[in-house]
Amino acid sequence: MHILGISCYFHDASAAILRDGALLAAAEEERFSRVKHDFGFPSRAIQFCLDEAGIRGKDLDYVAFFEKPFVKFDRILQTTFAEVPKSAAVFRQAITAWLLDKLWVKNRIREALGIDPQRILFVEHHQSHAASAFFCSPFEEAAILTVDGVGEWATATTGCGRDRTVDLTHEIHFPHSLGLLYSAFTAFLGFEVNEGEYKVMGMAPYGRPRFVEEVRKLLNVAPDGSFSLNLEYFEFQHSTTRTYSDAFVKLFGAPRPVESLFFTEASGFPSYFGDKPSNYAELAATNQGYADLAASIQAVTEETLLTMARAACERAGTTRLCMAGGVALNSVANGRILREAGVTDLFIQPAAGDSGAALGAALFVYHQVLGHPRGFVMQHASWGARHSMDTIRAAAGATGFRSEECPDEDRMLDRAAELIADGRVIGWHQGRFEWGPRALGHRSILADPRRAEMKDTVNVKIKFREPYRPFAPSVIEEAADRYFDTAGASAQYPARFMLLVEPVRPEARSLLPATTHIDNSARLQTVLPGPSPRYHELITRVGRATGVPVVMNTSFNLRGEPIVNTPAEAISTFARSGLDALVMDKVILHKDHL
Ligand SMILES: [Fe+2]
């Protein structure tokens, strides 16, 4: 039995396909269309899924859509009508967009796939999120917590997963939303909503949470984990252009100019920003205030999530927790949930945001609607496209770069480890690309984390990004506790998906300067030999050469571009950046002769 899951028309469109309940393939549309956060109908991702399954659209048994468009439209109508005439612009925009495409999604799917409309099923948004976590987890029974901006009406839910059902018992409804609260601060701090949230999280350690009391005025949290927003501080409920209100500005002062350079006394002024401005001290002090605000909203978000996680576990009578929704990508909060909420086992799958809801919808149909037993556990994130050695050879041959083909994997791993240990920055393109926003050793840029200068080197030559955005350490699982003080969290699933921030051990901080954040934490990825044999072996060999079995890992893309998929895209990125070498399967490209 084949079930295709689809998520689209909001952000990060994606498709996933199951065969008899086991995942065969899953990918975000942006990897094929090359449009970052592409939200359109995911025709290319769907075709990729069908090709992986070796079937045509009409052979599908079911198609599962990740939300209920009519219920969502009803919410938009109800909330905008309640606010007329303030909301006239939202209303116009919604009517146009929904009538043009979103409401007719069933027709669109039928046309694209040639499937009987009765076999197209719509799953509630948060049920899709919940299913994406619980049905991929190894747990027979677990509490469930989903938190995002908004689905149809729900913005957060708690409930329980048992065997082949997820039962969401408590919901918070729009406009009360922890995700939209965080997004309001994201916009206020000068970043793009739905894109810059992780930048707020990155800025937070540069600040002190001295505005926590002010932030708490915006949000009332009850001990049972329910919450409400103080709506006078927000405008997202009736504006298409502004998320926070004048009262918000009165409380926190002027917003930070969009995408202005961020630096503080602690971060310093990186060389790739250009010349230091004459009013450096004044700008650093202003930025410090914004960093303090980032620290404050992050602290309040963490506290709220801790309360919700505790309440969810208490009600479900278990210490095992599954989380999903965009807010579950807050890796600092996830680390605290494991340390402080009494959670013994935490599961989050790598595409915890809306793209992952495509998979959740498909799993919901298979287990909960059709009642089939479970058997699948998501052990790794590599569900995307792979490329043959022939394709790689052809792409490499078409360039002017010196190309070297290793006779076997053993030789390739030795060469790649040598390059990293020698201080080179390499592109690493291996196997199937990752599901979700993180590069986890299949489409990664890798370097030696022992070299403090690597952070600047990679930023100057390749990433051109803000100094507060940390690079992640990938560590072999058996050595994780030597470098990170995780109290066992390194063995949890979120650690292998780079979804936990944990303290770096005091003795390891000077060993890993390029991946240790200013507050002595790191967003680590633990790498296991079973699910990721090649990447595990590479890091092991780097460890043999350097004494430290850790590599610095960042996603293989240039600023503003989706992570690379094909060898040709990897080569293009290699050519346009300061990468020293590119390793694709057993082929290595070098720049040294240019
Ligand atoms: Fe969502």
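Atoms within a ligand are numbered from 1 in the order they appear, just like the ligands themselves. When reading the values below, keep in mind they use all heavy atoms of this one structure, side chains included, and skip hydrogens, waters and symmetry mates.
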Q) Is the closest basic N to carboxylate O distance between Glu303 and Arg336 below 4.0 Å? A) no
Would you say the side chains of [X] and [Y] form a donor-acceptor pair under 3.5 Å?
X	Y	value
His11	Asp38	no
Asp148	His126	yes
Asn553	Ser474	yes

Output yes if His125 passes the N/O/S-under-2.8 Å test against the Fe ion (ligand 1); output no otherwise. yes
The atom of Asp354 among N, O or S that is nearest the Fe ion (ligand 1) is OD1
For the Fe ion (ligand 1), give me the closest N/O/S atom belonging to Asp148, just the atom name.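 Atom name of the closest N, O or S in Asp148: OD2.
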